[in-house]
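What follows is a short report on a single structure.
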Amino acid sequence: MFTRSFCRFSKYLQKPVNRNVCKNRKLHISTALCATHSSGRYEDKPEFPGSRSHFIHKLEFINPDDTEGIPVYRVMNRKGEIIEQSEDPQLDKDTVIKMYHDMTLLNTMDKILYESQRQGRISFYMTNFGEEGTHIGSAAALSPKDMVFGQYREAGVLMWRGFTLDQFMDQCYGNCNDHGEGKQMPVHYGSKELNFVTISSTLATQMPQASGAAYALKRKGKDRCVICYFGEGAASEGDAHAAFNFAATLECPIIFFCRNNGYAISTPTKDQYRGDGIASRGTGYGMYTMRVDGNDVFATYNATSAARDICVKECRPVLIEAMTYRLGHHSTSDDSSAYRSVDEAAYWDKQDTPIARLRYFMISKGWWDETMEKEWKKESKQMVMETFARSEARKKPNPELLFTDVYKNMPWHIAKQQQQMKQHVTNYAEHYPIDSHEKWKD
Ligand SMILES: Cc1ncc(C[n+]2csc(CCOP(=O)(O)OP(=O)(O)O)c2C)c(N)n1
């Protein structure tokens with residue numbers, strides 16, 4: 001204030017304003033004020049209600065380039081060797097094998113559904129290649145009662161909780177067994193029984209909703225928390241800010257789980273943000289924060305387990321940023337070779353995948369070998385193929401369902417449209433693929 005009025009004042013004196021003079025003057029003034037402060041005549045520490053801090057007496061900006069990146073927590077190296085024995089979560093053999101089974105089954109399902117889209121058998125698909133460790137590691141650390149809000153690339157969380165291959169494929173086919181009645185695009189899964197809130201396409205909208213759900217859980221006083229997954233691209237949405245700030249100020253038991261896989265479709269992280277990833281934002285909102293190696297299923301497990309404890313015991317939000325790499329294309333509508341080198345993806349595929357790391361670990365324990373690998377590959381592929389054939393053969397839902405659940409009770413004008421559609425399709429049946437749908441009631 002003082003500096004600005006001093007500059008304005010010099011304009012009235014008809015003298016050219018020399019910015020440096022102004023700047024020097026400002027520094028001079030502030031030194032003078034500081035001298036008074038240090039003499040103890042005024043307060044010794046700032047008492048502004050908006051921050052907790054202390055005074056400094058030299059002008060300096062905080063330069064983000066001066067701060068070191070937040071470290072990446074890992075438990076095992078790329079060869080599946082535990083680095084620090086005290087950090088080994090000591091999971092039993094059955095749990096580790098389930099982790100491996102789920103990660104690889106997801107991988108097999110992805111390959112087959114991806115191919116099925118290429119052949120036009122389903123309309124759309126998104127693979128989870130390279131990110132299986134983030135799904136399984138985090139899901140395994142939660143209670144099945146914890147609520148999940150996902151983005152769309154977290155199918156492994158559902159798999160861990162028991163979503164069946166039939167349920168995945170019925171949704172992708174939008175057939176009569178799909179709980180969503182074929183209304184959404186493929187991969188928009190949801191399951192009330194498994195506490196997995198149905199996915200929707202609009203990025204980051206689930207984030208403030210998840211904070212709200214966590215607030216509701218807190219009010220109910222249950223030992224439950226919410227986990228909300230999102231990509232580093234989605235974190236640029238305004239909704240992400242709203243979610244973080246609400247969760248922190250309202251003290252909500254929520255884990256914000258960011259999958260930082262390097263890309264948001266074709267946008268690399270260097271065009272997405274200029275700070276130190278997403279984790280560096282966490283403490284700015286007043287959240288516990290940590291960055292984890294997302295290709296390390298044990299590190300992800302430990303991080304999520306500790307975050308859950310904080311949520312439930314302290315009722316505070318936690319931000320986890322899991323560093324990983326999106327090995328596949330963004331979706332079946334994308335060809336990633338248009339914006340990144342094939343060599344780059346191949347490097348990650350060869351050097352560091354969560355599946356390979358866990359396999360190394362299991363082999364070193366004597367829990368897995370080549371024969372088991374071959375048998376499981378064969379068995380899991382067969383399971384996926386059989387389910388695929390079943391789902392494909394099922395009829396599409398009754399077209400009447402297009403009009404249901406717009407509201408809880410169908411208003412008269414929607415009922416009228418439903419009748420009109422039935423009449424129209426009956427009159428022009430030869431122009432509609434009516435036989436591939438379940439029949440409506442007359
Ligand atoms: C509000 C909104 N804007 C844009 C899109 C289009 N879109 C779909 S996915 C995506 C990229 C998201 O990237 P990221 O959050 O990093 O997740 P990833 O796909 O890498 O898992 C975009 C821009 C959308 N669905 N919603």
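In listed order, ligands and their atoms are each counted from 1. Being a predicted model, the structure only gives us computed values, none of them experimental.
- Residue contacts with ligand 1 include Glu237, since one of its heavy atoms falls under 4.0 Å from the ligand.
- Contact annotation for Tyr152 and ligand 1: only side-chain heavy atoms (C-beta onward) come within less than 4.0 Å of the ligand.
- A distance of 6.0 Å or more separates the ring centres of Tyr325 and Tyr347.
- At a heavy-atom cutoff of 4.0 Å, ligand 1 is contacted by both the backbone and the side chain of Glu232.
- Under the 6.0 Å distance and 45° angle rule, Arg281 does not count as a cation-pi partner of Phe244.
- Side-chain contact between Thr95 and Lys98 is absent, with no heavy-atom pair separated by less than 4.5 Å.
- The six-membered or imidazole ring of Trp376 lies near that of His101, with a centre-to-centre distance under 6.0 Å.
- Residue-to-ligand polar distances place Arg259 within reach of ligand 1: an N/O pair is separated by less than 3.5 Å.
- Looking only at heavy atoms of the protein, atom 15 (O) of ligand 1 is closest to Ala234 N, 2.8 Å.
- Ligand 1 places these atoms under 4.0 Å from at least one heavy atom of Gly233: 14 (P), 15 (O), 16 (O).
- Counting the atoms of ligand 1 from 1 in the order shown, those under 4.0 Å from a heavy atom of Gln151 are 14 (P), 15 (O), 17 (O).
- In this structure, atom 6 (C) of ligand 1 has its sub-4.0 angstrom surroundings free of protein heavy atoms.
- Close contacts of ligand 1 with Asn261, meaning ligand atoms under 4.0 Å from a residue heavy atom, involve 18 (P), 20 (O), 21 (O).
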